[in-house]
Protein chains: 4
Amino acid sequence: MDAPTNGPRERRAPNPQRRSERAHRAILDATAELVGEVGYAKLTMEAIAARAKVGKQTIYRWWPSKAAVVLDVFERRTGTPGDPLPDTGDLAADLRTVLYATVDEFTDPETDRVARAFTAEIQHDPDLAATVTERLTRPNNEAFRERLRAARDAGQLDPDIGLDLALELLTGPITQRWLTRTAPLTHAYVDELLAAALRALGPR
Amino acid sequence: MDAPTNGPRERRAPNPQRRSERAHRAILDATAELVGEVGYAKLTMEAIAARAKVGKQTIYRWWPSKAAVVLDVFERRTGTPGDPLPDTGDLAADLRTVLYATVDEFTDPETDRVARAFTAEIQHDPDLAATVTERLTRPNNEAFRERLRAARDAGQLDPDIGLDLALELLTGPITQRWLTRTAPLTHAYVDELLAAALRALGPR
Amino acid sequence: MDAPTNGPRERRAPNPQRRSERAHRAILDATAELVGEVGYAKLTMEAIAARAKVGKQTIYRWWPSKAAVVLDVFERRTGTPGDPLPDTGDLAADLRTVLYATVDEFTDPETDRVARAFTAEIQHDPDLAATVTERLTRPNNEAFRERLRAARDAGQLDPDIGLDLALELLTGPITQRWLTRTAPLTHAYVDELLAAALRALGPR
Amino acid sequence: MDAPTNGPRERRAPNPQRRSERAHRAILDATAELVGEVGYAKLTMEAIAARAKVGKQTIYRWWPSKAAVVLDVFERRTGTPGDPLPDTGDLAADLRTVLYATVDEFTDPETDRVARAFTAEIQHDPDLAATVTERLTRPNNEAFRERLRAARDAGQLDPDIGLDLALELLTGPITQRWLTRTAPLTHAYVDELLAAALRALGPR
DNA sequence: TGATAACCGAGACGGTACGTCTTGTCTTGTT
DNA sequence: AACAAGACAAGACGTACCGTCTCGGTTATCA
């Protein structure tokens, strides 16, 4: 796990206007390549700097940690989080669409790899945890809750059930299965889960 | 995160008969203390050896990694996993008992700390992942499934629902909430979850 | 003797222009102190680094081995080797001056200590042997031979005797006595040696 | 050079009567092989024990150090030191015989290797130095001096010249040339040396 | 002729130092 | 001022040996 980190020193902010676009891109590209080649754990700042033909300081100037760099890479790859869920009026179908996509993402080796790296990193880097929550988790959850809210307003959900719990009933099992690798994440599993969860959530 | 690990060299197994009980205990004690003092990430083999008055080789002789040592400490603390769940005949009550205990554990700062460390470590140490699964996750899950099986046999559960899914519906939400720290883990939350999940699982 | 040395890994040369003068001096100072305190054999890179407040890597960056560091210390102490011998026209007197100085040096505990260390080290470190020969032995011998050459040209030596042999007759006995510690190195011994050797070397 | 040696603890002497001849021989054989294979510096007690199929304690029981073991190996190889020099009445011829043999020995790679190892080791192991002096140097020197004494008594040497100096004039140059590797040790060199030295030593 | 002590093989132990690695900062030109 | 390059202090890594210390398992005297 962590090489005992000294924590980066506080320093006065650099001027983003003068930031070298070349260096910025080179760092993200190099990081993306290296994560693919050696995985997150063996990724080093040293290696990123070398591959990107960049001084280490240039990395430290713009990112507080290795994780922050990789987070940017990750974000660049997966595109804008927080996109609204589809709303065709058919809740089950819409959720199926989204959850299929979710398990597909987790099944992609590259995404899986980085997601696991973040899951790991978040456990002992509160700053990163906050950032990830802010930029990934919260927008996604909000979009999810929005769709559920619409369903509830349409009378498709039990109004006594909290949206957060609803969300967790639908995604928690997937998260847990992915986390513990107890069984494969398949579309069939999503179907099964969806059926059960909707029984829990539907109007009495 | 991880100092890029070279992985321990292959070596022929030492003779466990000749293992020094004194050293064994001293290492676990020292590790337990140090995890409490500096946390898992800043824990070093060097420090364990120093605190335990033990040669580093003695640690490396018996454990392949820092994580493995801490796992033993963790196991020693939490006692035997895989204990059967209570079975009073009242499924809801029994599950409540267990899930209360679960959230209590995750709420305990010490346990939380180590659990997070393992969650992190497991993401990029497949050997450790296998060990943890084998020694913690699987026994616990099996005990859980056993109780659910009994309930199903008693007609308290929908026989069409897989026990794995049932398990995940009951624990996945808790795991996810703990993992993402989106909201506190309380007994009230367990109650809410239990009510919803049992609607999903109960006989039609 | 040597802890079985793996030999330092090959690495691309650092840029001497950017060498830290502070670190350089601190390392040599610390080494000088430590050799005096604990002797060469118990001198460790670890201790040098600690005393000099320097990272170990900084030592390894500039010197291939402990011996190389001490050689620099030694050289700094004894000043420029290869200084020409005095030439007053009186060969015996000039040689006496030089050999007195030689035995005085070998009698000084500090110099003796380091000289023995090198004598030892040279036996199984060919690189160091070459360096020492190049930087100490050869210049000194050349200066010596130069003085003998002048004497030979002045008709004070048998022209049939090789200068190398002449050199060895004059210094070999001293070296051997120092090496085997069979008897003390005194000025009287030099006188005795000189008388005999000059009989061997003088014109017939 | 030496890994800083803790020095062996004082222990009460074992009973040589009960010494295992098998182990004794195996240790010497293994040491001889290993010195040949890896050289003295990289020779380890560990390796000797392993090769000899012997417990390390068995080595430490009978020898105080690696050097002591190798010394025994060396002695076993070179046979009894201190044999008297030939005395045919012709001093020059007798010395030539002996010095030829000496340079031949030093020229043999195996002997050269071990001799250098001891030369090195002696510099910082006073106990070993004493042992070597006692068992090798002194007997050999004594035999040498004996022959010179006979020559002096026969009027072939200047009676004013000390026997020690005479010895050193004859052997010091060879020792020095071997030690510094400044030039090859040949029979021709011995001839040249002998001619010169005898001029120094002969009666006036 | 046991018993009983010593030596033996094996190898775990507490240590020390090794030489390497990476971290995050600092320094030195260049652009 | 940001940059590429890379030296620097710090300190953990995992390994190699050190010399000591058990641990059974043979011998080989002596009671």
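Below, chains carry the letters A, B, ... as their sequence lines are ordered, and counting in each starts from 1. Every value quoted in this text rests on a predicted model; they were computed, and no experiment measured them.
- Comparing the axis of the opening five pairs of the helix from dT1(E)-dA31(F) to dT31(E)-dA1(F) with that of the closing five pairs yields an angle of 10°, rounded to 10°.
- Side-chain contact check for Val35(D) versus Val73(D): every heavy-atom pair is 4.5 Å or farther apart.
- Between Val69(B) and Ile27(B), the closest side-chain pair of non-hydrogen atoms falls below 4.5 Å.
- One can place CD of Glu46(B) at 16 Å from P of dG19(E), the figure rounded to the nearest angstrom.
- Regarding Tyr60(C), its OH atom lies at a distance of 17 Å from the P atom of dA10(F), rounded to whole Å.
- One atom, CD1 of Ile59(A), and another, P of dA2(F), lie 16 Å apart when rounded to the nearest Å.
- Counting only distance, with no hydrogens or angles, the side chain of Arg61(B) and the backbone of Pro14(B) share no donor-acceptor pair below 3.5 Å.
- Candidate nucleotides dT15(F), dG9(E), dT23(E) were compared by shortest atom distance to the side chain of Ala23(D), and dG9(E) ranks first.
- A close approach under 4.0 Å does occur between a side-chain nitrogen or oxygen of Arg61(C) and OP1 or OP2 of dC8(F).
- With a 4.5 Å cut-off on side-chain heavy atoms, Arg18(C) and Asn15(C) count as touching.
- Following rounding to the nearest Å, Lys66(D) (NZ) and dG19(F) (P) show an atom-to-atom distance of 9 Å.
- Regarding contacts with the backbone of dC8(E), a side-chain N or O of Trp62(D) is found under 4.0 angstrom from either OP1 or OP2.
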Would you tabulate the nitrogen or oxygen pairs shorter than 3.5 Å linking the protein to nucleotides 27-31 of chain E?
unit_1  : atom_1 : unit_2   : atom_2 : d
dT27(E) : O2     : Arg18(C) : NH2    : 2.7

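- Regarding Glu21(B), its CD atom lies at a distance of 14 Å from the C1' atom of dC13(E), rounded to whole Å.
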**OP:** List the steps, then state whether side-chain contact (heavy atoms from CB on, under 4.5 Å) holds for Asp29(D) with Arg76(D).
**Re:** CA-CA 10 Å; Asp29(D) 289 348; Arg76(D) 201 173 57 160; 3.0 Å; yes

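- For the side chain to side chain contact (heavy atoms under 4.5 Å, CB included) test, residues two or more places apart in sequence or in another chain that qualify with Arg135(D) are Leu71(D), Asp72(D), Glu75(D), Thr131(D).
- Neither OP1 nor OP2 of dA12(E) sits under 4.0 Å from any side-chain N or O of Thr58(B).
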**OP:** Could you walk me through whether Phe118(D) and Gln123(C) pass the side-chain contact (heavy atoms from CB on, under 4.5 Å) test, one step at a time?
**Re:** CA-CA 9 Å; Phe118(D) 276 109; Gln123(C) 304 310 318; over 6 Å; no

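- Summary of the strand contacts: Lys56(C) and Ala49(D) both lie near DNA chain E, and taking for each the nucleotide with the nearest heavy atom, the more 5' one is attributed to Ala49(D).
- Heavy-atom distances to DNA chain F give each of Met45(B) and Ala52(C) a nearest nucleotide, and the one nearer the 5′ end belongs to Ala52(C).
- Between the side chain of Thr58(A) and the backbone N or O of Val54(A) there is no donor-acceptor pair closer than 3.5 Å.
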Just list the side-chain donor-acceptor pairs under 3.5 Å for residues 45-52 of chain B, sequence neighbours left out, or say none.
unit_1   : atom_1 : unit_2   : atom_2 : d
Glu46(B) : OE1    : Lys56(B) : NZ     : 2.9
Arg51(B) : NH1    : Glu33(B) : OE1    : 2.5
Arg51(B) : NH1    : Glu37(B) : OE2    : 3.1
Arg51(B) : NH2    : Glu37(B) : OE1    : 2.9
Arg51(B) : NH2    : Glu37(B) : OE2    : 3.4

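- Remark: C1' of dT16(E) and CD1 of Ile48(C) are 15 Å apart, rounded to the nearest angstrom.
- Which of dA12(F), dA9(F), dG9(E) sits closest to the side chain of Val54(D) comes down to dG9(E).
- Put simply, the side chain of Arg19(B) reaches to within 4.5 Å of the side chain of Trp62(B), judged on heavy atoms.
- From Lys66(C), atom NZ reaches atom OH of Tyr40(C) across 4.5 Å, with rounding to the nearest 0.5 Å.
- In this structure, the CZ atom of Arg19(C) is 11 Å from the P atom of dA7(F), given to the nearest Å.
- For the pair Arg22(D) and dG9(E), the criterion of a side-chain N or O lying under 4.0 Å from OP1 or OP2 is met.
- DNA chain F is contacted by no residue of residues 26-36 of chain C, taking any non-hydrogen atom closer than 4.0 Å.
- In terms of the salt bridge (charged side-chain N to carboxylate O under 4.0 Å, His left out) criterion, Arg22(C) has no residue partners (sequence neighbours excluded).
- Taking atom CG of residue Asn15(D) and atom P of nucleotide dA28(F), one finds them 12 Å apart after rounding to whole Å.
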